Amino acid sequence: MEQNLEQEIMSMPRIGDAAPEFEAVTTQGNIRFPSDLNGSWVILFSHPADFTPVCTSEFMTFATMESKFAEANCKLVGLSIDGLYSHIAWLRTIKEKIEYKGMKDVEVNFPLIEDIKMDVAKKYGMIQPNEDSTKAVRAVFFIDPKGIIRSIIYYPLSLGRNFDELYRVIIALQAADKFGVATPADWRPGDDVIIGPAGSCGTAKERMEDREIDCKDWFFCTKKLDKDTVLNEVLNKV
Ligand code: BEZ
C-alpha cells in the first residue's frame with residue numbers, strides 16, 4: 001500500500017481527542033460535524049454496506065431505540081462507504097419490506113452519511129484493511145456535548161452490535177460526569193458506583209469510617225446511587 005494512504009488509514013482518533021471535523025452529505029441534508037450537534041451527546045457509527053443483512057438488523061434496532069437515546073440527549077449519526085441514493089433506497093426498502101423480530105415499518109430518521117471517497121471513514125480509523133480495505137468496520141464513537149471523544153468500540157464485519165450496551169455506555173458516561181464517580185463492571189442505573197481513590201491515608205481512614213461508603217479495602221470503595229437520581233439527572237423528562 002502507498003505509504004501516504006497507509007498513514008491516512010492508520011490514523012485513528014483516540015479517547016480524549018476532539019472529534020475530527022468534516023462536512024458531508026447525509027440522508028437528512030448536509031452536516032457540519034461535530035459543530036451542528038454541539039450541546040448533544042452523539043454516537044457516530046459506521047456500517048460496512050447498505051443492503052446487507054447484519055447492517056439491516058442493526059439499523060432496525062437502532063432506529064427503534066432512537067427515542068430512548070434522544071431522552072438521554074444523544075443523537076445518532078450513521079456512515080458507510082455508499083452513495084446517497086443507495087442509502088435512500090436501502091432505508092426505503094427497510095421501511096416498506098422488512099419485518100424482523102417484531103419490528104416492521106421502521107423509519108430511520110437519523111442522518112446516514114454518504115462517504116464514497118472514504119474521507120470521513122479514513123479520518124475516524126473506520127477502514128481496517130486486514131478486515132476489509134473497501135468497507136468500514138462497525139465502529140462506534142461516543143462524543144460528548146463539547147465534541148470530545150469519550151469512548152470508542154469496534155466490531156468486525158460479521159458481528160452485529162449490542163445496542164443495549166451502547167445505551168448503557170451513554171448513561172454510564174453521563175452518570176460518571178454528573179456524579180463524579182466511576183462505574184464498575186456491568187453497571188446499570190441503581191447499582192453501586194465507585195468513588196475515586198483516596199488521595200491520602202487520612203482520607204482513606206475517613207472513608208473506611210463513613211457509613212455511606214462501603215470500602216472493600218483502601219483502594220476499592222463504593223457508594224449507593226439511587227436509580228431514580230441517576231435517571232432524573234441523565235434523561236430529559238418531558
Ligand atoms: C452484513 O451486514 O451482513 C455484512 C456486511 C459486510 C460483510 C459481512 C456481513
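Because the structure is predicted, anything quoted here is derived from the model rather than measured. When a ligand or atom number is given, it counts from 1 through the structure's own listing order.
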Tabulate distances under 3.5 Å between N/O atoms of ligand 1 and N/O atoms of the protein, writing both atom names on each line.
{"from": "ligand 1", "atom 1": "2 (O)", "to": "Thr52", "atom 2": "OG1", "distance (Å)": "3.0"}
{"from": "ligand 1", "atom 1": "2 (O)", "to": "Val54", "atom 2": "N", "distance (Å)": "3.2"}
{"from": "ligand 1", "atom 1": "2 (O)", "to": "Cys55", "atom 2": "N", "distance (Å)": "2.9"}
{"from": "ligand 1", "atom 1": "2 (O)", "to": "Arg138", "atom 2": "NH2", "distance (Å)": "3.1"}
{"from": "ligand 1", "atom 1": "3 (O)", "to": "Pro53", "atom 2": "N", "distance (Å)": "3.2"}
{"from": "ligand 1", "atom 1": "3 (O)", "to": "Val54", "atom 2": "N", "distance (Å)": "2.7"}

(Q) For Phe45, run the ring-ring contact (aromatic ring centres under 6.0 Å, His included) check against Phe62, Tyr155, Phe141, Phe142 and tell me which one passes. (A) Phe62
Q | Lys123 to Phe22, cation-pi by 6.0 Å centre distance and 45° axis angle | A | no
Q: Quick one: closest heavy-atom pair of Pro20 and Ile149, and the distance?
A: CD-CD1, 4.1 Å
Q: With rounding to the nearest 0.5 Å, note down the distance linking CG in Leu157 to SG in Cys55.
A: 8.0 Å
Q) Say you draw a straight line from CG of Leu91 to CZ of Phe59; how long is it, rounded to the nearest 0.5 Å? A) 6.5 Å
(Q) According to side-chain hydrogen bond (donor to acceptor under 3.5 Å, both in side chains), does anything in residues 88-97 pair up with another residue at least two apart or in another chain? List the pairs. (A) Thr56-Trp90, Lys95-Asp105
